Amino acid sequence: MKLTYKSLAWLSLAAVLALSCAQTKTSDKPVYLDENQPIEARVEDALSRMTLEEKVKILHAQSKFSSAGVPRLGIPELWTTDGPHGIRPEVLWDEWRQAGWTNDSCVAFPALTALAATWNEDMSALYGKSIGEEARFREKDVLLGPGVNIYRTPLNGRNFEYMGEDPYLASKMVVPYIQEVQKNGVAVCVKHYALNNQETLRHQYDAVVDDRTLYEIYLPAFKAAVHEGGAWSIMGSYNLYKGQHVCHNQYLLNDILKNDWGFDGAVISDWGGCHDTDQAITNGLDLEFGTWTDGLTMGATNGYDSYHLADAYLERLRDGRASEEVLNDKARRVLRLIFRTAMRTDKPFGSLCSPEHYDAARQIADEGIVLLKNEASVLPLDATKPGRILVVGENALKMMTVGGGSSSLKVQKEIIPLDGIRAAAGKLQVDFERGYVGDVSGAYNGVVTGQDLSESRTADQLIADACAKAKDADAVIFIGGLNKARFQDCEDSDRFGLELPYNQDAVIEALAQINPNLAVVIISGNAVAMPWVDKVNSIVEAWYCGSQAGTALADVIFGKVNPSGKLPMTFPVRLEDNGAHALNAYDRKATSVEYKEGIFVGYRWAQKKDVKPLFAFGHGLSYTTFSYGEASVSKASIPANGTLTVSVDVTNAGEREGKEVVQLYIGDDEASVERPVMELKGFRKIALKPGETRKVSFTIEPDMLKFYDVNAADWALEKGTFTAYVGAASDDIRTQVSFEVK
Ligand code: GLC
């Protein structure tokens, strides 16, 4: 057949018709099963097909970590998993105990304090992509993380799971993680919304917080998670607010999260966070987990019908005490969560323990480790020349991925600091001394480290043995800090003080006297006191970095990586230098906790009171130095809805390439209310070669200048002068420039 334009036209028309028939062919499927249909249409169609019992059934757990689907309609169940740093090993149907699977070891990524300490949104994206792939491969639909509770007290046992003291930093660092996890068809469950800023009495304490503090400090990271991150689920916290448990709370869930913010996802209770049937029905809870199972030493095993959003709810629906409209809203939210995850067929398949995930863990750790002090250039050590170094401290060999609560993991491998250092030591001989005995356990929920940390020597003998070897070592690396034992960095318990535990101060003091070439490495998720700070030349905060902890620490110690981490929280000299403690507003026995320090959390308090911190928020050194030019503004004044640009040249003034986190803080010089001296409103991590200069610019927008006006119950911008501070830390401002809001 001779192909003419006319025949081509007929052919293409026939093709289009055939395709559209094929299209309508799939529409023979019920709408809720047709992935070409918009999700809302699918939700409505599914809802219209469900019975009352089926709608209630999907609102509560069916096992420790899963909830039912609708088997009759082929709507799959939801499988959730901890945690924020890696995928928790499988547990038995209705237990916290291990299921004993042999295919569920994972990569432990650095704790979220380490991620926040990178001040690098690309690291957050890499983190979310990697952990999302591990969750997907393990066939999980909801990842119970990340956590973004603000660091109010250095004693909070779960600070290691969160992103520090500043709402802007946490808001920026949580978003890419969320977006990348969810690209795998796995929902995040951002936690613990909200005001869960201590572990002491976590199920009982009522957080008493004024509105301005709530909106300026404790909500922004969750709001960013919803609005920028697009989080598909949020976890209610255990504590109370305004007398209601937050897992069913009119104010935080209905008024703010769902009505004001327009959150369209599902609110999932923390495990055992639901305490009242009527409140669970009316105050915004959508998916109830952890109630009345034996995991919380309450109720019967497999007692899922005794949940609040189960038989009790059905009863109220049948006798007219509960409305179907509210039921349908809950069911819609859970169905939306299912359609976004379990019921999606176009999901990637994920991967587990891949080289890429180990590289990601290492890269994030490399960028998160913070060089706090480095005089006399103790670091980096030179592994190319023969010599002898002594490593001292239990944390040099203690595995940290087991323990600490629900974020505990069963890793495929964990490179401990001592092994990482030995692998990278080159011509250096590496010796080890225990130095002190901390926590010799190594088990959680049936996962064991297998390490034998038993020790028979006395504390004095341990110090003597370490000092004997320190005498003629070319360098000494002390590796201590906290651990994941109860009352250290651990869920469901807070620390009792800021001090290092286990007599570590004595060990450090003794070593400092013997060898000035001493570097102290703190492995922790919290600030610690350092009474020996002036006697030690080098100090590193190495966080909990998971599977690649030892590799990354060695990268920094031997200079393979130039450290670029910055503190996401203030390290106070004393506990009383922290606002909550200065005002005696942290009380281990109080079931009503008034946040008396208000918005003055972290550096905001230190600057208000002019209290010099041990190490400031945003502090972190490099093996090179950076110089800053003078900041300039694109305009001297802007209208209330205007924007301007602040620019500054940053130069690498040293001998080696490095990354700097250029930080922008803004202060309101004439406000009708008391405001912090300055607040973080921008940061940029840049890599500079020796001698290289880069112009860094920040756009200042009106929202960055506002405060929450409790009288107007809204954000307010007042005219007057503001000052933009640009620097390398909150206490290291290199240049500043003022501007006017007309
Ligand atoms: C825990 C934690 C929460 C965790 C959940 C499931 O109590 O508070 O973060 O995701 O229960 O383990």
Side-chain angles (χ1 to χ4, degrees), residues 60-67 78-99 104 106 111-113 131 135 138 140-149 156-163 174 181 186-205 207 222 225 231-240 245-247 266-275 285 287-298 307 402-410 444-447 484 486 489-494 525:
H60 59 269
Q62 67 172 3
S63 77
K64 182 61 79 186
F65 284 101
S66 74
S67 59
L78 274 179
W79 280 87
T80 71
T81 181
D82 287 313
H85 308 147
I87 308 310
R88 183 172 184 160
E90 208 64 27
V91 297
L92 293 172
W93 181 258
D94 183 46
E95 317 252 343
W96 295 112
R97 276 186 312 113
Q98 293 307 296
D104 56 351
C106 70
L112 294 192
T113 31
I131 196 172
R138 292 267 288 103
K140 302 302 180 182
D141 305 305
V142 183
L143 176 66
L144 302 173
V148 285
N149 291 100
N156 177 16
R158 289 188 88 172
N159 278 330
F160 72 98
E161 291 187 52
Y162 305 145
M163 295 189 174
V174 75
V181 166
V186 175
V188 296
C189 186
V190 184
K191 67 189 188 181
H192 304 84
Y193 178 81
L195 300 166
N196 186 179
N197 305 100
Q198 67 184 58
E199 290 301 290
T200 300
L201 294 173
R202 64 174 175 162
H203 298 273
Q204 291 91 13
Y205 80 86
F222 290 103
W232 292 337
S233 75
I234 291 273
M235 186 185 291
S237 60
Y238 281 135
N239 54 281
L240 292 86
H245 277 97
V246 176
C247 287
V267 172
I268 299 178
S269 74
D270 199 341
W271 268 237
C274 179
H275 299 271
L285 180 60
L287 194 38
E288 180 187 357
F289 271 97
T291 312
W292 296 107
T293 63
D294 65 358
L296 287 157
T297 62
M298 288 192 285
Y307 273 44
V402 173
S406 56
S407 63
S408 178
L409 295 171
K410 176 169 79 173
Y444 184 80
N445 270 166
V447 175
K484 300 291 188 68
R486 278 184 68 72
D489 283 326
C490 182
E491 180 176 336
D492 200 27
S493 69
D494 289 340

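Predicted model only: the values in this text are computed from it and were never measured. Every number for a ligand or one of its atoms is a count from 1 in the order of the listing.
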> Given that the side chain starts at C-beta and the backbone is N, CA, C, O, which of these parts of Lys64 lies under 4.0 Å from ligand 1, counting heavy atoms, or is it both or neither?
Replying inline: neither
> At a 4.0 Å threshold, what atoms of ligand 1 neighbour a non-hydrogen atom of Lys191?
Replying inline: 3 (C), 4 (C), 9 (O), 10 (O)
> Which atoms of ligand 1 are found less than 4.0 Å from any heavy atom of Leu144?
Replying inline: 10 (O)
> In ligand 1, which numbered atoms sit nearer than 4.0 Å to a non-hydrogen atom of Trp96?
Replying inline: 12 (O)
>> Can you tell me if Met235 contacts ligand 1 (heavy atom of the residue under 4.0 Å from the ligand)?
In response: yes
>> Could you identify the single nearest non-hydrogen protein atom to atom 8 (O) of ligand 1 and state the distance to 0.1 Å?
In response: Asp270 OD2, 2.7 Å
> Among protein heavy atoms, which lies nearest atom 7 (O) of ligand 1, and at what distance?
Replying inline: Tyr238 OH, 2.6 Å
> Near Arg202, which atoms of ligand 1 are under 4.0 Å from a heavy atom of that residue?
Replying inline: 7 (O), 8 (O)
> In ligand 1, which numbered atoms sit nearer than 4.0 Å to a non-hydrogen atom of Glu491?
Replying inline: 1 (C), 2 (C), 7 (O), 8 (O)
> In Å, rounded to the nearest 0.5 Å, how long is the span from CE of Met235 to SG of Cys247?
Replying inline: 8.5 Å
> If you look at every heavy atom in Gly290 and Trp271, which pair is closest and at what distance?
Replying inline: CA-CD1, 3.7 Å
>> Tell me which one of Arg486, Lys484, Arg202 satisfies salt bridge (Lys or Arg N to Asp or Glu O under 4.0 Å) with Glu491.
In response: Arg202
> For ligand 1, which atoms have a heavy atom of Phe65 less than 4.0 angstrom away?
Replying inline: 6 (C), 12 (O)
>> When you compare the side chain of Trp93 with that of Ser66, does any pair of heavy atoms fall below 4.5 Å?
In response: yes
> What part of Arg88, side chain, backbone, both or neither, has a heavy atom within less than 4.0 angstrom of ligand 1?
Replying inline: side chain
> Under 4.0 Å from ligand 1, counting heavy atoms only, is it the side chain of His203, its backbone, both or neither?
Replying inline: neither
>> Ignoring hydrogens, what is the shortest heavy-atom contact between Thr113 and Phe160? Give both atom names and the distance.
In response: OG1-O, 3.3 Å
> If you measure only the distance, is there a donor-acceptor pair under 3.5 Å linking the side chains of Arg158 and His192?
Replying inline: yes
> Parallel under 30°, tilted from 30 to 60°, perpendicular over 60°: which one fits the rings of His275 and His203?
Replying inline: perpendicular
>> Between Lys64 and Glu90, does any NZ, NE, NH1 or NH2 come within less than 4.0 Å of an OD or OE carboxylate oxygen?
In response: no
> Got the closest protein heavy atom to atom 6 (C) of ligand 1, with its distance?
Replying inline: Asp82 OD2, 3.3 Å
> So which of Leu409, Leu143, Val186, Asp82 actually passes side chain to side chain contact (heavy atoms under 4.5 Å, CB included) with Ile87?
Replying inline: Leu143
>> Strictly below 4.0 Å, N to O, side chains only: are Asp270 and Lys191 in salt-bridge contact?
In response: no
> At under 4.0 Å between heavy atoms, which part of Phe289 makes contact with ligand 1: side chain, backbone, both or neither?
Replying inline: neither
>> Can you name the atoms of ligand 1, numbered from 1 with element, that are less than 4.0 Å from a heavy atom of Ser406?
In response: 2 (C), 3 (C), 4 (C), 9 (O), 12 (O)
